[in-house]
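The structure under discussion appears below in the form of structure tokens.
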Amino acid sequence: MALAFQRPVGRPATASRPASRRAPALRIVSAAATAPAPSPSSSASSVPASKLIDGKGIADTIRSEIAAEVAQLKAKHNLTPGLAVVLVGARKDSETYVRSKKKACAEVGFDSYGTDLPADVSEEELLKVVAAYNADPRVHGILVQLPLPKHISEKRILDAISIEKDVDGFHPLNIGALAMRGRDPLFVPCTPKGCIELLERLKVPISGRTACVIGRSNIVGMPAALLLQRRDATVTMVHSKTPDAAKICGEADIVIAACGVAEMVKGDWIKPGAVVIDVGINAKDDPTAKKGYRLVGDVDFEAAGARASLITPVPGGVGPMTIAMLLQNTLESARRAAKH
Ligand code: NDP
């Protein structure tokens with residue numbers, strides 16, 4: 001089978017949507033949904049603007065910083081960062097995420113490469129595509145868009161991505177290094193990295209503070225907890241078997257919610273003055289909305305916002321940071337390549 005490498009995507013494109021290699025699973029509370037709706041930060045919200053963490057604005061700033069660095073890399077080293085995205089099958093949501101990533105690459109001056117494979121492609125063929133990108137010096141980051149069809153082992157494919165091009169930071173060696181003292185991973189997973197970047201850019205103290213991470217997935221909760229711990233927070237992880245999540249959460253100075261349950265974190269779970277980072281993306285029925293639904297996070301935004309000192313909206317909070325961190329990871333990889 002021929003490898004369908006695309007040429008680098010050309011000119012800057014329009015705004016993109018949040019995306020990671022593992023597309024954020026859109027939890028449908030009841031209505032079907034495929035696209036974002038108005039932000040809770042609109043005029044209908046009772047949460048004052050001074051408490052809102054403007055993830056979109058911060059992500060835009062980061063993208064501008066990245067674009068400036070790309071220009072320097074090109075001028076000094078004649079090197080253009082390159083991101084390869086592999087898409088298997090024709091899921092509409094995956095196609096949208098892949099398009100967003102390519103647009104985001106073009107906006108900051110990266111080259112993007114893509115291989116689209118049919119849903120019935122064999123694992124061996126997919127492995128060959130990954131191997132080709134591993135060997136391609138123009139490519140500094142590789143993403144295989146998840147989910148993959150059931151006949152393909154996700155683990156085998158992800159393990160096959162070169163650790164030096166694992167810009168999602170999901171390779172066991174990268175996660176292992178993240179967990180160990182005295183070790184530094186080559187890449188940190190994009191969504192949790194984006195959460196920490198928000199805290200750091202807003203100068204939220206982390207060292208010595210208590211933090212509660214709700215959710216322990218490999219892609220969000222677990223690395224988020226490790227990142228907070230590396231910054232000397234005292235971290236408690238809450239998961240589906242935790243008996244008194246509300247009480248534990250209520251003791252935290254920093255809350256990162258990533259459980260995939262719409263508005264699960266109630267206002268009275270939040271310690272007054274806490275900083276709340278809501279990773280969740282869920283579609284909730286709303287007959288007043290044009291599309292019949294709106295996006296909500298894993299936190300009850302209005303109630304939690306009344307007690308928090310800072311809170312991320314959904315959408316417009318963590319989501320835009322995920323793709324900004326993907327670009328940052330790819331830039332870091334290209335910088336490393338420039339030093340070789
Ligand atoms: P997963 O489904 O992989 O993990 C959910 C975690 O939450 C699990 O650890 C689970 O516990 C825990 N959990 C589930 N129910 C409860 C409960 N009732 N009480 C306490 N903990 C619970 O989800 P992801 O980590 O992939 O995603 C989490 C959320 O973040 C989703 O809403 C997703 O859409 C969103 N997301 C957003 C991204 C973005 O860019 N903004 C990117 C990625 C995800 P257990 O381990 O016991 O099952």
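Values in this document were obtained by computation on a predicted structure and should not be read as measured data. Counting starts at 1 for both ligands and their atoms, in listed order. Residues take their numbers from the sequence shown, with the count starting at 1.
- The shell of residues lying under 4.0 angstrom from ligand 1, judged by heavy atoms, excludes Gly221.
- Under the 4.0 Å criterion applied to side-chain N and carboxylate O atoms, Lys193 and Glu197 are not assigned as salt-bridge partners.
- Set against the non-hydrogen atoms of Met264, the atoms of ligand 1 under 4.0 Å away are 17 (C), 18 (N), 19 (N), 20 (C).
- Under a 4.0 Å criterion applied to the non-hydrogen atoms of Gly319, ligand 1 contributes the atoms 40 (O), 41 (N).
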Can you check side-chain hydrogen bond (donor to acceptor under 3.5 Å, both in side chains) on Tyr133 and Thr115, steps first, answer last? CA-CA 10 Å; Tyr133 282 135; Thr115 303; 2.6 Å; yes
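- The ligand atoms of ligand 1 that sit less than 4.0 angstrom from a heavy atom of Arg216 are 6 (C), 8 (C), 9 (O), 45 (P), 46 (O), 47 (O).
- Checking Pro189, Cys195, Ser217, Ala224 against atom 24 (P) of ligand 1, the nearest heavy atom belongs to Ser217.
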Checking salt bridge (Lys or Arg N to Asp or Glu O under 4.0 Å) for the pair Asp268/Lys266: CA distance, chi angles, key distance, verdict? CA-CA 6 Å; Asp268 59 7; Lys266 305 300 177 202; over 6 Å; no
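- Relative to atom 29 (C) of ligand 1, the option among Val220, Asp278, Val265, Asp298 with the closest non-hydrogen atom is Asp298.
- Short contacts between ligand 1 and Gly215, defined as distances under 4.0 Å to a heavy atom of the residue, involve ligand atoms 6 (C), 7 (O), 9 (O), 12 (C).
- A single hydrophobic cluster is not seen to contain both Met222 and Met180; linkage of ILVMFWY side chains at heavy-atom distances under 4.5 Å, directly or through other members, places them apart.
- No more than 12 heavy atoms of other residues, nucleotides or ligands sit less than 6.0 Å from atom CZ of Arg183.
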Go through Thr210 and Thr234 one step at a time and tell me if the side-chain hydrogen bond (donor to acceptor under 3.5 Å, both in side chains) criterion holds. CA-CA 5 Å; Thr210 50; Thr234 302; over 6 Å; no
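- Comparing heavy-atom distances from atom 30 (O) of ligand 1 across Ile219, Asn218, Val279 singles out Val279 as nearest.
- Note on ligand 1: Thr242 sits outside its first shell, no heavy atom being nearer than 4.0 Å.
- Annotation: side chain of Ile53 is in contact with side chain of Leu202 (closest heavy-atom distance under 4.5 Å).
- Here the shortest heavy-atom distance to atom 39 (C) of ligand 1, taken over Val213, Thr322, Leu295, belongs to Thr322.
- Both cation-pi conditions hold for Arg336 and Phe187: the charged atom is under 6.0 angstrom from the six-membered ring centre and inside a 45 degree cone around its axis.
- Heavy atoms from both the backbone and the side chain of Ile281 come within less than 4.0 Å of ligand 1.
- Close approach to Val261 involves these atoms of ligand 1, each under 4.0 Å from a residue heavy atom: 15 (N).
- Interface of Thr191 with ligand 1, defined as ligand atoms under 4.0 Å from a residue heavy atom, comprises 40 (O), 42 (C).
- Counting heavy atoms under 4.0 Å from ligand 1, residue Met321 does not touch it at all.
- Using a 4.5 Å cut-off on side-chain heavy atoms (C-beta onward), Asn174 and Asp168 make no contact.
- Counted by atom type alone, Ser46 and Glu302 present one or more donor-acceptor pairs between their side chains at under 3.5 Å.
- Contact annotation: Ala258 has at least one heavy atom less than 4.0 Å from an atom of ligand 1.
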